[in-house]
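The structure appears below as structure tokens.
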Amino acid sequence: MAACTAMRKRSLALIDCNNFYVSAERVFRPDLEGRPVIVLSNNDGAVVSRSNEAKALGIKMGEPFFKVRHLVDAHNVAVFSSNYALYADMSNRVMSILAAFSPVQEVYSVDECWLDLTGFDDIAQRIRTIRMMVGRHVGIPVCVGCASTKTLSKLANHVAKRHPRSQGVFDYNILTEAQKANVLAHVPVDEVWGIGRKLTAALTKVSIRTALDLRDADIAAMRARHGVVMEKTIRELREESCIELEEVSPARQQIISSRSFGKTVTRLEDLEQAVAHFLTNAASKLRAQESVCSLLQVFLLTNRFRPEMPQYCPTVSVPLPLPTADTQTLLVWATKALRQMYKPGYEYKKAGIILGEIHSEHQAVQGDLFAEPIKPSPLMNVIDKINARYGRGSVRLSQDVAGGGAWAMRQDKKSPQYTTNWFEIPECKA
DNA sequence: TCTCCGATTAGAC
DNA sequence: CTAACGGTCTAATCGGAGA
């Protein structure tokens with residue numbers, strides 16, 4: 001009970017964009033309505049978003065593109081590379097419209113957010129209006145699920161998506177006990193938030209197949225076997241609130257920047273450029289959250305999908321003498337680490353860096369009460385300001401080569417950045 | 001035996 | 001033509017090292 005605070009019943013609405021990346025592309029390509037559409041991951045490697053028509057063709061989430069190529073060709077599927085600038089901008093538009101419907105909002109991911117609607121007396125109307133307003137002003141279809149806990153509002157959203165009769169909205173709170181049981185009995189346990197592949201397999205073994213089975217399982221036994229997350233999930237299915245809204249996203253404890261290369265890389269020089277690029281991204285994120293880090297890790301990977309090739313996946317950890325967020329300082333260490341682990345003769349497929357032991361720049365160095373707070377470097381300050389004003393990458397360190405050089409990722413099918421770059425709008429091309 | 005810490009696992013999107 | 005399989009993030013848990 002300590003973990004869970006009993007509260008008066010709340011109304012939490014989970015708003016989730018339907019097939020978000022595909023829907024964002026369709027906003028600018030209305031001709032694709034009704035046609036199967038998919039969006040690919042970095043390097044055009046795997047399918048990460050599918051229209052309903054594409055799902056109906058049997059194209060699965062996360063499948064490598066080359067494995068669905070035959071379906072794409074046979075059914076005239078429209079294919080896009082990921083266009084993150086576009087999706088981020090569309091996401092901001094959706095979130096700011098949603099913010100008008102409640103003073104309490106948690107933006108959970110690029111395509112989902114919670115609104116606390118507790119206390120509003122017109123919930124049924126309100127969630128229909130939310131759906132309509134986002135559709136009208138941004139053109140992205142969303143579904144709304146409402147319930148008293150996060151886990152149940154996720155589930156309610158699933159019901160709203162799945163059942164055409166619901167017209168895209170579903171309020172679990174207004175159901176009778178019998179109706180709730182009926183709804184839960186029709187939701188497979190793997191659709192419950194927090195239940196992934198491994199837990200589904202374990203639960204199936206003990207005949208827990210639906211959300212209702214899970215809700216009514218023995219808490220003590222389930223906690224003993226599967227841990228506290230499982231306990232919270234079960235309690236949340238019972239309408240005991242265990243997972244609170246987080247209106248302000250906590251500072252990252254770790255910042256990773258890494259990427260698979262478009263083609264394998266062997267030269268140290270190219271790896272150095274890639275690492276400089278990753279470090280630039282990561283350090284600017286670190287400064288944006290007003291933090292410094294005391295640990296830097298650099299890693300290299302060969303292609304694990306080619307076991308017949310020689311494999312080499314080294315990592316070097318560098319504990320930093322002073323916490324910092326300065327790109328140049330970090331780059332000196334990263335380059336040193338890279339040279340230390342680099343071996344010629346391997347086909348490297350991926351590299352990356354991790355910034356760890358992150359703390360606020362406003363706090364003195366741990367263990368040294370008299371240390372000065374870490375001042376952000378004036379040069380970094382200027383670079384961040386210019387890049388904020390004129391766009392990411394406007395000013396770069398010389399090591400961070402424009403366009404990505406030898407290791408650039410494949411993105412053959414990217415749509416224009418309609419909303420953030422005039423020069424990519426077809427009518428504005430020179 | 002206990003505690004700490006890094007590595008691994010599982011999940012989300 | 002071939003070969004082709006994503007990127008971050010957190011929390012919990014595991015297992016070895018050292019006290």
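Protein chains get the first letters and strands the later ones, always in sequence-line order, with residue 1 at the start of each.
Between C/dC9, C/dT8, C/dA12, one nucleotide has an atom nearer to the side chain of A/Ser258 than all others, and that is C/dT8. With B/dG11, C/dA12, C/dC5 as the choices, the nucleotide that has an atom nearest any side-chain atom of A/Pro64 turns out to be C/dC5. Listed nucleotides: C/dC9, B/dA12, C/dG7. Nearest to the side chain of A/Tyr108: B/dA12. Here B/dA10 is the nucleotide among C/dC5, C/dG6, B/dA10 with the atom lying nearest to any side-chain atom of A/Lys198.
Checked by atom type and distance alone, the side chain of A/Arg215 never pairs as donor or acceptor with a backbone atom of A/Arg238 at under 3.5 Å. Panel note: side chain A/Arg259, backbone A/Asn42; no donor-acceptor pair is recorded below 3.5 Å.
At the heavy-atom level, A/Gln253 lies under 4.0 Å from the strands shown only through sugar-phosphate atoms. Counting any heavy atom pair closer than 4.0 Å across all strands shown, A/Val192 reaches sugar-phosphate atoms only and no base atom. Using a 4.0 Å heavy-atom cutoff across all strands shown, A/Val229 reaches sugar-phosphate atoms only and no base atom. At the heavy-atom level, A/Asp111 lies under 4.0 Å from the strands shown only through sugar-phosphate atoms. Using a 4.0 Å heavy-atom distance criterion, A/Leu199 is classed as a sugar-phosphate-only contact. Contacts of A/Ser257 with the nucleic acid, taken as non-hydrogen atoms under 4.0 Å apart, involve only primed sugar atoms and P, OP1 or OP2.
Here C/dG18 sits opposite B/dC2 as a Watson-Crick or G-U wobble pair (both hydrogen-bonding atom distances under 3.5 Å). Under the Watson-Crick and G-U wobble criteria, each requiring two contacts below 3.5 Å, nucleotide C/dA3 is left unpaired.
A/Tyr21 and A/Tyr84 have perpendicular rings, their planes meeting at more than 60° on a 0 to 90° scale where under 30° would count as parallel.
One can place CZ of A/Arg223 at 8 Å from P of C/dT13, the figure rounded to the nearest angstrom. Here B/dA12 presents its P atom at 11 Å from CD1 of A/Ile243, a figure rounded to the nearest Å. We find that CZ of A/Phe65 is positioned 13 Å from C1' of C/dA3, with the value rounded to whole Å. Atoms CE (A/Met230) and C1' (C/dA11) sit 15 Å apart, rounded to a whole Å. In this structure, CZ of A/Arg410 is placed 16 Å from P of C/dT2, rounded to the nearest angstrom. Taking atom CD of residue A/Glu244 and atom P of nucleotide C/dA11, one finds them 15 Å apart after rounding to whole Å. Whole-Å rounding puts the A/Leu301 CG to C/dG6 P distance at 11 Å. Here C/dA4 presents its C1' atom at 15 Å from CD of A/Glu347, a figure rounded to the nearest Å.
With a 6.0 Å cutoff to the six-membered ring centre and a 45° limit on the axis angle, A/Lys349 does not count as a cation-pi contact of A/Phe261.
Proximity of A/Arg306 to the phosphate of C/dC5: no side-chain N or O atom is located under 4.0 Å from OP1 or OP2. Dashed line: the shortest gap from a side-chain N or O of A/Ser82 to OP1 or OP2 of C/dG6 is not under 4.0 Å. Within the 4.0 Å cut-off from OP1 or OP2 of C/dG7, at least one side-chain nitrogen or oxygen of A/Lys350 is found. Put simply, A/Arg69 has no side-chain N or O that comes within less than 4.0 Å of OP1 or OP2 on C/dA3.
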TODO: Apply side-chain hydrogen bond (donor to acceptor under 3.5 Å, both in side chains) to the pair A/Asn19 and A/Ser49, showing each step before the final yes or no.
DONE: CA-CA 6 Å; A/Asn19 314 328; A/Ser49 182; 5.7 Å; no
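Residue A/Lys55 places its NZ atom among more than 12 non-hydrogen atoms of other residues, nucleotides or ligands, all under 6.0 Å distant.
The residue among A/Gly227 and A/Pro250 whose nearest nucleotide of DNA chain C lies closer to the 5′ end is A/Pro250. Two residues, A/His226 and A/Phe66, neighbour DNA chain C, and the one matched to the more 5' nucleotide by heavy-atom proximity is A/Phe66.
Here A/Phe305 packs flat against the base of C/dC5; its ring centre is closer than 5.5 angstrom to the base's six-membered ring, tilted by less than 30 degrees.
A donor atom on one side chain and an acceptor atom on the other are not found under 3.5 Å apart for A/Asn18 and A/Ser23.
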